[in-house]
Amino acid sequence: MAMKPLEWINGKVRFLDQTKLPLEEVVLSTDDVAELAEAIRRLAIRGAPLIGIAAAYGVALASLQLKSGERDSARAFLQSTIDLLASTRPTAVNLFWALKRQRRIIDGWETNSITDLQHRLIDEALLIHQEDYAMCEHIAVFGVDLLPQNCSVLTHCNSGILATGGRGTALGIITKAWEIGKLRHVFIDETRPLFQGARLTAWEMNQANVPATLIVDNTAAVLMKQGKIDAVLVGADRIAMNGDAANKVGTYNTAIIAKHHGIPLYVAAPVSTMDFKMKTGQDIPIEERDGKEVSEVFGRRITPQGMTVYAPAFDVTPNELISAIVTNRGVLFPPFSDSIRVLLSQI
Ligand code: MRU
């Protein structure tokens, strides 16, 4: 894919409007942090790691509006930007992780030079972006080792180039497996309600020439029964200390049916997706989206007028349904409370 989903170019954030894919490749550019926040909220920029990267750039953008080097007012202004960006989406912890890194830069700014602060915030955002690229590469290398030769896998949602600063998490493993001749086929859940699988993962697989088949989410069990799936690979938006993992709604269903059929389910995520303060998945805040995203398909109502809708964007897969968690620091196996604690002690 020639176009990156998000780039910092001369004091502006340039991004692909993912709501328009795959029919149109619309590139937008902004120096307005409110516009960037809105792009995150409406899923033009989406996927846990990419949201974090975008938020880091958002703080850098806001700093470019500062006129004076008066520290208290500059800090207050930037904190209001952080609050705005933090309010966009609640589930992916990468967002809050990246904002915390920018807050640390702001707190450590001791000079009265506004240009110094601006440079530091831009550099930190660029670093977060570069680190995510590298984390994706490591995840792919660790993840392919879990897959059998000539495998056929299933994935849910989009965890690829469009969701990260690099090749992706779960989808990065899949493209890596294809590159080294280990993958035969990928099945893609369409991922209702917003079709991240049908629109975005299918688009990425097309671009990378990976043999792929789209299914409606409810077809996964049939495929598993037919013996056509060797492994399920998914990303995550937040992983608790006991290994419970929040990801796009429907992941939990997929994990249950994978367990029933004896198929391993691997969750792939960088350490920036781990919430070391959250003991279990029970406390992970789950975003509820506008019911229209379910009752309407591409702006056209498909239900009776006024139909009540429940639209959580994510669910939490309990750790006992997860075979391994692939991180940029290596593969974690159950019991996750132990393996995650060891990982935390090394960071
Ligand atoms: O609502 P979205 O499209 O932002 O949800 C994205 C997902 O659930 C992804 O699977 C997750 O962020 C992992 S992406 C590396």
Side-chain angles (χ1 to χ4, degrees), residues 5-6 15-21 39-55 88-98 129 131-133 135-140 143 154-175 188-204 217 232-239 245-255 265-275 281 284-290 293-294 311-317 322 325-328:
L6 186 79
F15 60 96
L16 196 52
D17 184 345
Q18 297 191 30
T19 64
K20 301 278 194 260
L21 286 172
I40 296 172
R41 197 171 275 129
R42 68 183 182 84
L43 309 194
I45 299 168
R46 49 148 296 284
L50 198 69
I51 294 172
I53 296 163
T88 53
R89 300 196 71 191
T91 304
V93 77
N94 309 62
L95 173 71
F96 308 99
W97 170 86
H129 201 161
E131 283 175 5
D132 194 69
Y133 177 92
M135 290 198 276
C136 290
E137 292 298 317
H138 289 127
I139 287 170
L154 172 71
T155 192
H156 190 74
C157 196
N158 173 268
S159 59
I161 292 168
L162 292 168
T164 64
R167 68 184 304 143
T169 56
L171 209 55
I173 297 173
I174 292 170
T175 51
I188 306 168
D189 277 349
E190 66 172 347
T191 319
R192 272 288 278 155
L194 294 177
F195 302 106
Q196 283 93 334
R199 296 186 306 104
L200 309 178
T201 301
W203 185 73
E204 282 196 38
D217 301 338
V232 179
L233 287 156
V234 292
D237 291 79
R238 193 186 292 233
I239 299 175
N247 191 47
K248 179 54 56 197
V249 70
T251 303
Y252 179 27
N253 301 43
T254 314
L265 176 126
Y266 302 121
V267 172
V271 290
S272 52
T273 301
M274 305 217 144
D275 189 339
I284 297 178
I286 299 295
E287 176 181 13
E288 262 191 58
R289 305 270 313 170
D290 189 332
E293 292 184 352
V294 175
F314 301 96
D315 59 26
V316 176
T317 298
I322 299 171
I325 299 174
V326 187
T327 78
N328 53 297

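Just so you know, ligand 1 is whichever comes first in the structure, and atom 1 is the first atom listed for that ligand. Side-chain atoms are counted along with the backbone in the values below, which use heavy atoms only and exclude waters and symmetry mates. Numbers for residues simply follow the sequence, beginning at 1. Computed from a prediction, not measured in an experiment: that's the story for all the values here.
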| field | Partner set under salt bridge (Lys or Arg N to Asp or Glu O under 4.0 Å) for E287, not counting sequence neighbours | value | R89, R289
| Are any non-hydrogen side-chain atoms of H156 and D217 less than 4.5 angstrom apart? | yes
| Taking the side chain from D315 and the backbone from G250, do they hold a donor-acceptor pair closer than 3.5 Å? | yes
| request: Report the residues that fulfil side chain to side chain contact (heavy atoms under 4.5 Å, CB included) with D237, sequence neighbours left out, ordered by chain and then residue number. | output: A48, T91, A92, N247, F314
| field | Sequence-distant partners of R167, salt bridge (Lys or Arg N to Asp or Glu O under 4.0 Å), two or more places apart | value | E137, E179
| query | Does any non-hydrogen side-chain atom of N328 lie less than 4.5 Å from one of E131? | reply | no
Output, or 'none' if empty, a list of ligand 1-protein atom pairs in which both atoms are N or O and the distance is under 3.5 Å, rounded to 0.1 Å.
residue	atom	partner	partner atom	Å
ligand 1	1 (O)	R89	NH1	3.3
ligand 1	1 (O)	R89	NH2	2.8
ligand 1	1 (O)	K248	NZ	2.7
ligand 1	3 (O)	R46	NE	2.5
ligand 1	3 (O)	R46	NH2	3.4
ligand 1	3 (O)	Q196	NE2	2.9
ligand 1	4 (O)	G47	N	3.0
ligand 1	4 (O)	R89	NH1	2.7
ligand 1	8 (O)	D237	OD1	2.9
ligand 1	8 (O)	N247	OD1	3.2
ligand 1	8 (O)	K248	N	3.2
ligand 1	10 (O)	N247	OD1	2.7
ligand 1	12 (O)	A48	N	2.9
ligand 1	12 (O)	D237	OD1	3.3
ligand 1	12 (O)	D237	OD2	2.9

